[in-house]
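Order of the sequence lines sets the chain letters (A, B, ...), proteins ahead of strands, with each chain counted from 1.
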Amino acid sequence: MTEQYLGIPVPVLSESNIPITKPDLLNMPRSNQYIWTATQRDLISHLVGLNPVLAEAGMRATEPSPNVAADLTVICHEMAGRLRKSPAQIAQELAEGFNSDPNPPTIQEAIAQKGYLNFLLNMHIFGNQAISEVETYQDHYGEQNIGEGETVVIDCSSPNVAKYMSIGHLRSTIIGESLARINRAIGYKVIRDNHLGDWGTQFGMLARAHELWADDYEELSEGTDPVKGLYKLYVRIHEEVEKEKIAERERSGLDANEDVETALEREGRRWFQRLESGDERAIELLKWATQKSLAEFQRVYDVLGSRYEYMLGESFYIPMIPRVLEYMRERNIASIDETGAIVVDLSMKNLDKLVVQKTDGTSLYSTRDLATLVARCAWFNPHRIIYVVGEDQQRYFRQIFATFDMMTGNTGPQTEHVHFGMIRLPEGKMSTRAGRVIFLEDLLTEAVDRARQKIDDLSRDLSREEKETIARQVGVGAVVFFDLGQGRERSIKFDWDSALSFTGRSAPYIQYAYARMRALLQRAQKEQMELRYDLPIEVTNQPGNALIKHLSKFPEAITRAAQTSRPDILAEYIFRAADLFTTLYDRVRIVNEPDSVRRNSLLRLTQASAQVVKNGLDLLCIEAPERM
RNA sequence: ACCCCUGUAGCUCAGCGGAUUAGAGCGCAACGUUGCGGACGUUGAGGUCGAAGGUUCGAAUCCUUUCAGGGGUGCCA
């Protein structure tokens with residue numbers, strides 16, 4: 001029995017590279033069960049109880065400006081028109097009503113202030129609840145069962161065979177991995193599919209280059225460095241094409257910006273035709289190149305900690321192409337134009353035409369992507385498919401999704417292009433051919449080297465193995481945070497020092513705060529201070545209370561990051577958690593606090609902070625070292 | 001020509017489902033360790049939120065126009 005979707009049969013799916021795991025729903029809290037959101041909900045329903053008209057006014061509780069000494073606020077200005085009273089009066093009346101009634105237990109009191117209805121939390125009750133939630137759920141703290149029973153497919157990383165991964169691949173790889181973890185944390189079954197670039201005209205070019213010059217590169221022989229050889233072939237053929245273009249333009253007296261087709265390009269395209277029609281020699285070469293490239297990629301993935309359920313690559317979908325095209329033509333979604341190419345007219349959706357088959361009869365990226373969508377629907381029945389691909393393909397994905405919607409009659413899964421800005425070098429756009437390129441593996445190696453140097457300078461009392469592990473965790477963490485710490489949609493200006501920053505708003509700063517938390521907890525243990533969970537939480541200082549409140553907002557931060565596909569929201573959140581702890585650490589003694597109830601509270605707060613930082617770093621694909 | 005993204009402190013960036021006095025990091029200046037880890041902390045200087053209009057009791061945030069940078073615009077991926 002072959003699987004199919006839209007009546008199009010799909011290839012048999014091989015076993016996944018790693019087991020496809022479902023989220024541990026039994027241990028997952030329901031969403032909205034957490035104290036922070038529950039408190040807001042209770043607050044609003046309590047106010048509506050006081051004055052039912054408020055329900056229509058769309059009242060909501062928000063966080064006040066940081067300079068206001070309150071934990072939550074209801075802005076009364078927006079209700080003024082409806083209630084025909086001044087904001088100050090509304091706030092005043094509500095505050096009085098609220099304070100004279102029995103309050104929701106987590107709220108201390110309401111204070112009317114300049115038209116704002118401000119609330120103070122009862123930190124005894126709220127704080128106890130917030131910290132015990134972290135203690136109860138531990139590694140699961142922050143998770144929610146929002147996506148229960150649904151599947152998300154994430155298309156990410158997708159490097160090209162026969163080339164090295166550059167720092168340009170960092171974003172898709174790391175944003176994709178982080179989004180996979182975040183979506184899992186809110187209850188989705190997640191399938192990461194690394195859609196390798198292993199098909200297309202470029203491999204026709206490569207085959208031609210191999211045919212011409214393979215003997216010039218001894219790296220290509222078995223046992224040396226085949227990817228380097230393939231890479232050299234790639235660079236060389238593009239250099240040759242460029243030279244031919246210049247010569248051709250001179251010969252025909254054309255401007256530099258006018259495109260000309262060269263003999264080499266024609267030969268490359270012919271090779272691609274042979275590839276698509278199943279030429280065994282060409283396919284053999286490509287298979288070999290893929291195998292060698294995968295080994296290179298895997299080293300990077302191992303260092304970054306990213307894994308993929310599938311790494312199928314574009315070539316996997318080639319057998320589906322005739323049926324996909326047939327399907328589109330039968331339904332008049334695609335048609336042959338005057339040049340003999342098959343195109344999809346998307347003018348109804350205000351988009352340009354999409355070519356799905358070239359004049360020479362070969363397939364395009366678009367053809368393979370549509371086939372891939374069909375196959376993924378058949379295999380995984382996903383609720384949503386996310387493409388983590390650069391912003392330069394925004395227009396393209398609109399065309400693809402619009403075409404796919406026509407194919408399914410809008411009955412397919414949600415499709416979303418999670419686009420991100422390019423990484424730009426100070427010298428300008430990265431270009432392999434111009435030699436302006438930084439390889440991802442070199443960046444990671446340099447990061448680990450610098451971290452190792454730093455550890456040696458500090459001469460901490462650690463074994464060689466420990467130092468090596470920490471250097472990797474810290475160095476790679478710095479690189480990952482450099483990426484995830486910035487807004488997704490803007491382009492990143494790359495320079496070595498900010499990419500490898502170990503101070504300030506960086507992963508090492510957060511990791512350092514975590515290592516200090518662990519050191520404190522270990523010290524407490526060594527001094528026989530058993531944590532007691534029957535004592536109340538008595539923190540009673542500003543940074544401590546701010547930290548407790550912040551920890552209670554972790555689930556909300558995860559939800560927001562998931563809904564907007566923005567890991568940077570979590571990066572900001574975790575940095576803030578580490579920063580608040582560092583402030584607390586500087587202001588109060590924790591292990592040395594004489595009052596035993598206070599000390600116990602501070603230690604439990606430290607433990608909860610460590611748990612949240614660790615959970616958060618994990619969602620960002622950053623490891624949390626116990627010592628550093 | 002059109003479409004998308006971006007413009008906030010000297011530099012790199014948060015904030016932009018409007019709301020009480022616009023926030024970080026780096027850099028700069030001055031401090032802090034006989035206190036649980038100084039990869040740290042404290043204080044300070046530094047902003048007409050690209051510009052101009054508009055909506056609103058209230059705009060960095062929403063709308064219009066405009067300037068600047070980046071990306072894209074059928075047979076590459």
Side-chain angles (χ1 to χ4, degrees), chain A residues 60 62 64-68 70 73 75-78 80-81 86-87 113-116 118 158 160 197 199-202 205 269 314 337 339-346 350-366 368-369 389-396 398-399 419-422 424 428-429 451 454-455 457-458 460 474 485-487 489-493 495 497-498 501-506 508-509 511-513 515-524 527 568-569 571-572 575-576 579 582-583 585-593 602-603 606 627-628:
Chain A
R60 63 201 167 101
T62 57
S65 306
N67 46 46
V68 177
T73 194
I75 298 163
C76 300
H77 303 71
E78 54 197 19
S86 77
Q113 206 172 25
K114 291 190 276 188
Y116 296 86
N118 292 330
S158 310
N160 291 324
W199 204 256
T201 314
Q202 53 177 324
M205 300 294 284
R269 268 194 274 278
E314 295 182 68
D337 78 356
T339 66
I342 301 182
V343 299
V344 179
D345 184 354
L346 294 167
N350 255 330
L351 293 165
D352 293 318
K353 283 178 186 168
L354 178 70
V355 179
V356 291
Q357 188 181 78
K358 293 189 266 186
T359 317
D360 67 8
T362 56
S363 72
L364 282 132
Y365 186 39
S366 56
R368 286 165 248 141
D369 256 337
V389 180
E391 66 180 359
D392 51 340
Q393 290 183 44
Q394 238 182 114
R395 168 203 196 82
Y396 166 75
R398 273 195 206 143
Q399 293 176 305
H419 52 93
F420 51 82
M422 300 287 116
R424 295 208 335 272
K429 205 176 168 182
K454 182 87 185 174
I455 296 168
D457 290 348
L458 292 167
R460 294 239 199 277
V474 172
Q486 308 200 37
E489 298 186 357
R490 66 187 311 134
S491 59
I492 292 183
K493 290 170 194 166
D495 72 272
D497 287 336
S498 41
S501 167
F502 290 175
T503 60
R505 196 180 181 285
S506 69
Y509 176 93
Q511 290 168 319
Y512 182 65
R516 275 172 152 182
M517 296 173 202
R518 300 303 309 172
L520 278 181
L521 293 165
Q522 275 187 5
R523 190 176 189 90
E527 298 185 15
D568 59 296
I569 289 174
E572 174 64 27
F575 171 70
R576 178 91 181 121
D579 197 30
T582 303
T583 306
Y585 177 90
D586 197 61
R587 302 250 175 101
V588 303
R589 286 170 286 183
I590 296 176
V591 173
N592 296 341
E593 162 65 42
L602 287 166
L603 283 170
T606 302
R627 301 179 65 190
M628 66 183 273

Report the distance from atom [atom1] of [X] to atom [atom2] of [N], rounded to the nearest whole Å.
{"X": "Q399(A)", "N": "A77(B)", "atom1": "CD", "atom2": "P", "answer": "14 Å"}
{"X": "Y396(A)", "N": "C5(B)", "atom1": "OH", "atom2": "C1'", "answer": "20 Å"}
{"X": "K353(A)", "N": "U73(B)", "atom1": "NZ", "atom2": "C1'", "answer": "15 Å"}
{"X": "I455(A)", "N": "G38(B)", "atom1": "CD1", "atom2": "P", "answer": "17 Å"}
{"X": "F502(A)", "N": "G25(B)", "atom1": "CZ", "atom2": "P", "answer": "19 Å"}
{"X": "I590(A)", "N": "C40(B)", "atom1": "CD1", "atom2": "P", "answer": "18 Å"}
{"X": "R587(A)", "N": "C40(B)", "atom1": "CZ", "atom2": "P", "answer": "17 Å"}
{"X": "R398(A)", "N": "G72(B)", "atom1": "CZ", "atom2": "C1'", "answer": "10 Å"}

If the cut-off is 4.0 Å, is [X] near the phosphate of [N], judged by side-chain N/O to OP1 or OP2?
{"X": "R424(A)", "N": "G69(B)", "value": "no"}
{"X": "Y512(A)", "N": "A39(B)", "value": "yes"}
{"X": "Y509(A)", "N": "G41(B)", "value": "yes"}
{"X": "S501(A)", "N": "G25(B)", "value": "no"}

[X] [atom1] to [Y] [atom2] distance, which is reported to the nearest 0.5 Å:
{"X": "R60(A)", "Y": "E78(A)", "atom1": "CZ", "atom2": "CD", "result": "5.5 Å"}
{"X": "T362(A)", "Y": "R269(A)", "atom1": "OG1", "atom2": "CZ", "result": "8.5 Å"}
{"X": "L364(A)", "Y": "D369(A)", "atom1": "CG", "atom2": "CG", "result": "11.0 Å"}
{"X": "T359(A)", "Y": "D337(A)", "atom1": "OG1", "atom2": "CG", "result": "7.0 Å"}
{"X": "T606(A)", "Y": "Y585(A)", "atom1": "OG1", "atom2": "OH", "result": "10.0 Å"}
{"X": "R505(A)", "Y": "D579(A)", "atom1": "CZ", "atom2": "CG", "result": "10.5 Å"}

[N] and [M]: how far apart are their [atom1] atoms, nearest whole angstrom?
{"N": "U61(B)", "M": "G17(B)", "atom1": "P", "answer": "11 Å"}
{"N": "A60(B)", "M": "A19(B)", "atom1": "C1'", "answer": "13 Å"}
{"N": "C62(B)", "M": "G44(B)", "atom1": "P", "answer": "32 Å"}
{"N": "G74(B)", "M": "A59(B)", "atom1": "P", "answer": "43 Å"}
{"N": "G27(B)", "M": "A39(B)", "atom1": "P", "answer": "15 Å"}
{"N": "G25(B)", "M": "A68(B)", "atom1": "C1'", "answer": "26 Å"}
{"N": "U6(B)", "M": "C63(B)", "atom1": "P", "answer": "12 Å"}
{"N": "U8(B)", "M": "U21(B)", "atom1": "P", "answer": "24 Å"}

So if I apply the side chain to side chain contact (heavy atoms under 4.5 Å, CB included) rule between Y116(A) and each of V68(A), T73(A), T62(A), which one comes out positive?
T73(A)
Can Y365(A) be said to stack with the base of C76(B), given centres closer than 5.5 angstrom and planes under 30 degrees apart?
no
If you look at every strand shown and take non-hydrogen atoms under 4.0 Å, does [X] touch a base, only sugar-phosphate, or nothing?
{"X": "I342(A)", "value": "nothing"}
{"X": "V389(A)", "value": "nothing"}
{"X": "R518(A)", "value": "nothing"}
{"X": "V474(A)", "value": "base"}
{"X": "Q202(A)", "value": "sugar-phosphate"}
{"X": "E314(A)", "value": "sugar-phosphate"}
{"X": "A515(A)", "value": "base"}
{"X": "R627(A)", "value": "base"}
{"X": "M422(A)", "value": "nothing"}

Determine whether L458(A) and M628(A) satisfy the following criterion, side-chain contact (heavy atoms from CB on, under 4.5 Å), listing intermediate values before the conclusion.
CA-CA 10 Å; L458(A) 292 167; M628(A) 66 183 273; over 6 Å; no
Using heavy-atom distances to pick each residue's nearest nucleotide on RNA chain B, tell me which of G200(A) and K454(A) is more 5'.
K454(A)
Specify the residue among H419(A) and W199(A) whose closest nucleotide of RNA chain B lies further upstream toward the 5′ end.
H419(A)
Any donor and acceptor pair, going by atom type alone, linking the side chain of R368(A) with main-chain N or O of S363(A) inside 3.5 Å?
yes
Considering all heavy atoms, the nearest H419(A)-E391(A) contact
CB-CA, 3.8 Å
What string of B, S and - do you get for nucleotides 11-24 of chain B 5' to 3' if you count protein non-hydrogen atoms under 4.0 Å?
-SSSS--SBBS-SS
With the side chain counted from C-beta on, respond yes when Q511(A) and V474(A) share a heavy-atom pair under 4.5 Å apart, and no when they do not.
yes
With distance as the sole criterion, do the side chain of T339(A) and the base of C75(B) form a donor-acceptor contact below 3.5 Å?
yes
Looking at C75(B), does its base get a donor-acceptor pair with the side chain of T359(A) below 3.5 Å?
yes
Could you please name the option among [options] that lies closest to any side-chain atom of [X]?
{"X": "P508(A)", "options": "C5(B), A77(B), A39(B)", "result": "A39(B)"}
{"X": "L364(A)", "options": "C5(B), C75(B), G38(B)", "result": "C75(B)"}
{"X": "K358(A)", "options": "C4(B), C76(B), C26(B)", "result": "C76(B)"}

Mind telling me whether Y396(A) and Y365(A) have parallel, tilted or perpendicular rings, with 30° and 60° as the class edges?
parallel
Dot-bracket summary - RNA chain B, pairs being Watson-Crick or G-U whose distances fall under 3.5 Å, with | when paired to another strand
((((((((.[[[[.).......]]]].(((((.......))))).....(((((.......))))))))))))....
Where does G74(B) fall, syn or anti, if syn means a chi angle no more than 90° from 0?
syn
Cationic N near anionic O, under 4.0 Å, R523(A) to E527(A):
yes
